[in-house]
Amino acid sequence: MPAMHEQFEVDADGEHRYVGYVIRLNGVTLYHAGDTLVYDGLAARLRSACIDVACLPINGRDYYRASRNIAGNMNYREAAELSWEIGADTVIPLHYDTFDWNTEKPGSFVQYVYEQYPEQKCHLLARGERFLYVSSSAFKNENEPRER
């Protein structure tokens with residue numbers, strides 16, 4: 001899945017330099033965004049993939065980081081809104097503590113999801129945590145429409 005880390009970048013072969021991944025395994029569809037911003041068409045592509053778990057960066061971007069050539073990602077509001085828009089069953093915020101100088105408070109994400117999208121499931125991972133997920137769609141008829 002193409003990713004836009006401030007802007008789209010392609011190599012000499014026209015391949016996107018930054019990408020996210022949609023992985024389908026054991027009845028679960030996971031989207032790991034990697035480093036990206038929300039861009040036109042991203043939500044539609046993800047909606048059609050029927051994402052169960054969306055792993056989205058929330059460390060954001062701002063003038064001061066950009067002035068130090070630190071490429072940005074979506075912020076916690078954008079990640080929460082994207083997860084809701086694509087119909088993800090569960091969202092997991094990422095990249096909020098990768099570097100001391102490029103961080104976000106994950107509690108802000110959880111609070112925003114709770115206030116704006118109280119039906120949206122989210123999970124905040126502890127360092128080193130193993131997260132197990134079973135898709136509720138594994139227990140439904142494949143021909144039933146996906147609920148939101």
Side-chain angles (χ1 to χ4, degrees), residues 1-11 15-25 27-138 140 144-148:
M1 180 76 60
M4 187 172 81
H5 204 19
E6 294 294 337
Q7 60 191 8
F8 286 118
E9 290 186 28
V10 294
D11 63 18
E15 298 292 328
H16 284 274
R17 180 172 176 207
Y18 305 115
V19 295
Y21 295 92
V22 174
I23 301 165
R24 290 185 179 90
L25 185 64
V28 175
T29 303
L30 178 132
Y31 170 57
H32 190 291
D35 288 321
T36 194
L37 299 171
V38 177
Y39 58 85
D40 287 338
L42 177 62
R45 293 179 79 170
L46 293 172
R47 240 188 337 270
S48 69
C50 297
I51 304 298
D52 292 303
V53 179
C55 301
L56 304 176
I58 65 164
N59 58 313
R61 62 202 174 283
D62 58 45
Y63 170 82
Y64 294 101
R65 286 184 265 192
S67 69
R68 293 188 306 245
N69 293 320
I70 300 170
N73 289 310
M74 61 184 88
N75 62 38
Y76 69 87
R77 288 182 186 96
E78 292 168 320
E81 292 180 22
L82 179 63
S83 68
W84 182 256
E85 186 177 1
I86 67 174
D89 183 58
T90 300
V91 61
I92 298 174
L94 303 174
H95 295 190
Y96 51 83
D97 65 354
T98 305
F99 303 105
D100 290 340
W101 39 264
N102 191 17
T103 190
E104 182 61 75
K105 294 178 181 175
S108 298
F109 172 79
V110 173
Q111 181 174 350
Y112 189 80
V113 169
Y114 177 77
E115 292 172 352
Q116 300 299 316
Y117 306 104
E119 294 85 20
Q120 174 67 66
K121 291 185 273 184
C122 68
H123 186 81
L124 187 61
L125 295 169
R127 288 187 179 108
E129 177 181 354
R130 177 184 294 183
F131 180 74
L132 301 175
Y133 178 88
V134 176
S135 174
S136 59
S137 63
K140 292 184 178 181
E144 289 182 29
R146 191 175 167 104
E147 293 179 24
R148 163 43 70 192

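Sequential numbering from 1 along the given sequence is applied to the chain's residues. On a predicted model such as this, the values are computed, not experimentally measured, just so you know.
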Exercise for the section: Would you name the heavy atoms of His95 and Asn73 that are closest together and state the gap between them? Expected result: ND1-ND2, 3.8 Å
Exercise for the section: Report the C-alpha distance between Tyr133 and Asp89 in whole Å, list the side-chain angles of each, state the deciding distance to 0.1 Å, and finish with yes or no for side-chain contact (heavy atoms from CB on, under 4.5 Å). Expected result: CA-CA 10 Å; Tyr133 178 88; Asp89 183 58; 2.5 Å; yes
Problem - Check: Thr90 side chain, Cys122 main-chain N or O, donor-acceptor pair, under 3.5 Å - result: no
Handout entry: Inter-residue atom distance Lys105.NZ - Tyr76.OH, 0.5 Å rounding
Key = 10.0 Å
Exercise for the section: For His32, enumerate each residue passing the ring-ring contact (aromatic ring centres under 6.0 Å, His included) test, keeping only those at least two apart in sequence or located in another chain. Expected result: none
Practice task
Evaluate whether atom OH of Tyr21 has more than 12 neighbouring non-hydrogen atoms of other residues, nucleotides or ligands under 6.0 angstrom away.
Solution key: no
Handout entry: Gap separating the CD atom of Glu9 from the CD atom of Glu15, nearest 0.5 angstrom
Key = 14.5 Å
Handout entry: Heavy-atom check, side chain of Arg45 versus side chain of Pro2, under 4.5 Å
Key = yes
Exercise for the section: Check whether any side-chain heavy atom of Phe109 lies under 4.5 Å from a side-chain heavy atom of Val91, and answer yes or no. Expected result: yes
Practice task
Work out which heavy atom in Arg61 is nearest to a heavy atom in Gly72; give both atom names and the distance.
Solution key: CB-CA, 3.5 Å
Completion exercise
Of all heavy-atom pairs linking Met1 and Val22, the shortest is CE-CG2, 3.7 Å
Practice task
Verify, without hydrogens or angle tests, whether Glu78 (side chain) and Asn75 (backbone) share a donor-acceptor contact under 3.5 angstrom.
Solution key: yes
Exercise for the section: Using ring-ring contact (aromatic ring centres under 6.0 Å, His included) as the criterion, list what pairs up with Tyr39, not counting sequence neighbours. Expected result: Phe8
Practice task
Provide the closest heavy-atom pair for Ala88 versus Ala54 in the form atom of the first, atom of the second, distance.
Solution key: CB-CB, 4.0 Å
Completion exercise
Output for pair (Ile58 CD1, Cys55 SG), nearest 0.5 Å, gives 12.0 Å
Handout entry: Over all atoms of both residues, closest heavy-atom pair of Ala3 and Gly20
Key = CB-N, 4.1 Å
Practice task
Determine yes or no for a side-chain-to-main-chain donor-acceptor pair under 3.5 angstrom, with Asp52 supplying the side chain and Thr29 the backbone.
Solution key: yes
Exercise for the section: Output the distance between atom CG (Leu42) and atom OH (Tyr31), rounded to the nearest 0.5 Å. Expected result: 4.5 Å
Handout entry: Residues in side-chain contact (heavy atoms from CB on, under 4.5 Å) contact with Asp40, at least two apart in sequence or another chain
Key = none
Handout entry: Sidechain-backbone polar pair: Arg17 side chain, His5 backbone, donor-acceptor under 3.5 Å
Key = no
Handout entry: For Leu56 against Met74, the heavy-atom pair lying closest together
Key = CB-SD, 4.3 Å
Handout entry: Reported OH-to-CH2 distance for the pair Tyr117 and Trp84, which is rounded to 0.5 angstrom
Key = 8.5 Å
Practice task
Verify side-chain contact (heavy atoms from CB on, under 4.5 Å) between Phe131 and Leu125, making sure each step is shown before the conclusion.
Solution key: CA-CA 8 Å; Phe131 180 74; Leu125 295 169; 3.7 Å; yes
Practice task
Working to the nearest 0.5 Å, report the span between CD1 of Ile86 and CD of Glu81.
Solution key: 13.0 Å
Problem - Check: Asn59 side chain, Tyr96 main-chain N or O, donor-acceptor pair, under 3.5 Å - result: no
